[in-house]
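Presented below is the structure to which this report refers.
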Amino acid sequence: MKSDARRRARVRLDERLRVLQPVDRFRPPPKGWIRALRDALGMTGAQLGHRMGIRPQTVEAIEKSEAAGSIQLSTLRRAAEALDCTLVYALVPNSSLDETVDARARQIAMRDLQRVAHTMRLEAQETSGSDFEARVQAFIRDRLSERDLWSEA
């Protein structure tokens, strides 16, 4: 995927995910969504277990695992279906995807250029700091590809 296509994909994803902000609106209830929905519907654990084809004790274990954050997606999906719900699953970035890419590129450029600046200082060949930002931008433009940003080197 070319750089332009990746940028367009990031913009489209950001637009789709924007409706999920702020994410704290989707924070699960203390005992989890399954228990909250089951209680709100007036459904017992035994009734939910029957709808899921499992024992009531297993329903209790599922509710506890959801509250603890260790439930499997497939189990959560089965519970959602038994509660006549749709499981919605998303990874919502903390900032825009473009901002994430730009910040990572800047971090790498700063790291690499500071190494060079340090070496030049040691050799008494230091350049002025006024053009450092321009060098950072040039480094990002000329030396970094988006694929290289995520390698741990």
Side-chain angles (χ1 to χ4, degrees), residues 1-41 43 48 52 58-153:
M1 187 183 275
K2 300 267 192 238
S3 182
D4 259 8
R6 278 194 295 273
R7 184 172 297 276
R8 285 192 306 274
R10 285 194 299 266
V11 168
R12 283 192 307 273
L13 276 172
D14 278 337
E15 288 171 359
R16 288 183 64 191
L17 293 169
R18 190 169 297 126
V19 297
L20 299 176
Q21 295 288 352
V23 293
D24 61 346
R25 294 182 303 156
F26 303 103
R27 185 168 294 131
K31 292 184 178 180
W33 290 109
I34 296 170
R35 177 68 184 265
L37 288 164
R38 183 174 64 75
D39 286 347
L41 292 169
M43 187 183 294
L48 179 57
M52 292 179 70
T58 306
V59 170
E60 184 179 341
I62 288 171
E63 289 175 347
K64 285 182 181 178
S65 71
E66 183 203 358
S70 60
I71 193 167
Q72 292 184 350
L73 279 174
S74 58
T75 304
L76 194 54
R77 186 171 286 111
R78 282 183 47 226
E81 289 169 1
L83 291 163
D84 194 29
C85 294
T86 301
L87 175 64
V88 177
Y89 176 84
L91 300 175
V92 182
N94 294 320
S95 61
S96 81
L97 295 172
D98 269 337
E99 288 171 355
T100 300
V101 167
D102 292 345
R104 179 65 178 157
R106 184 169 185 76
Q107 178 186 32
I108 291 169
M110 296 288 285
R111 179 194 68 202
D112 290 356
L113 289 175
Q114 285 174 346
R115 286 180 191 157
V116 170
H118 176 72
T119 301
M120 291 179 74
R121 260 192 312 277
L122 291 175
E123 296 174 358
Q125 297 177 8
E126 185 173 13
T127 59
S128 79
S130 61
D131 65 332
F132 189 72
E133 182 59 31
R135 285 186 289 162
V136 168
Q137 294 303 319
F139 184 92
I140 291 170
R141 182 188 63 242
D142 300 337
R143 306 267 317 272
L144 292 177
S145 78
E146 291 174 358
R147 293 265 186 225
D148 296 336
L149 297 178
W150 311 107
S151 301
E152 296 299 326

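This structure is a prediction, so every number in the text was calculated from the model and none was measured.
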Can you give me the closest heavy-atom contact between [X] and [Y], atom names plus distance?
X	Y	answer
L20	F26	O-CE1, 3.3 Å
G32	A67	N-CB, 4.4 Å
L97	L13	CD1-CB, 3.7 Å

State the [atom1]-[atom2] distance between [X] and [Y], to the nearest 0.5 angstrom.
X	Y	atom1	atom2	result
L76	R78	CG	CZ	11.0 Å
D142	Q137	CG	CD	11.0 Å
E60	T58	CD	OG1	9.5 Å
E63	L37	CD	CG	10.0 Å
I140	M110	CD1	CE	9.5 Å
I71	I34	CD1	CD1	4.0 Å

Q) More than 12 heavy atoms of other residues, nucleotides or ligands under 6.0 Å from CZ of R25: is that the case? A)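 Enclosed.
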Q. Where do R18 and Q21 land on the side-chain hydrogen bond (donor to acceptor under 3.5 Å, both in side chains) test, with the steps shown first?
A. CA-CA 5 Å; R18 190 169 297 126; Q21 295 288 352; over 6 Å; no
**Q.** Lys/Arg N to Asp/Glu carboxylate O, E81 vs R77, below 4.0 Å
**A.** no
Q) Thinking salt bridges, do D102 and R106 make one under a 4.0 Å N-O criterion? A) no
**Q.** Of R8, R6, R10, the residue whose pairing with D98 passes salt bridge (charged side-chain N to carboxylate O under 4.0 Å, His left out)
**A.**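 So the option named by the test is R10.
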Beyond-backbone contact of [X] with [Y], side-chain heavy atoms, under 4.5 angstrom:
X	Y	value
L73	L87	yes
V101	R7	no
M52	I62	yes
R111	Q107	no

**Q.** Donor-acceptor under 3.5 Å (E66 side chain, W33 main chain)
**A.** yes
Q) Is a side-chain donor or acceptor of T100 paired with a backbone partner of S96 at a separation under 3.5 angstrom? A)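 Yes: the side chain of T100 pairs with the backbone of S96.
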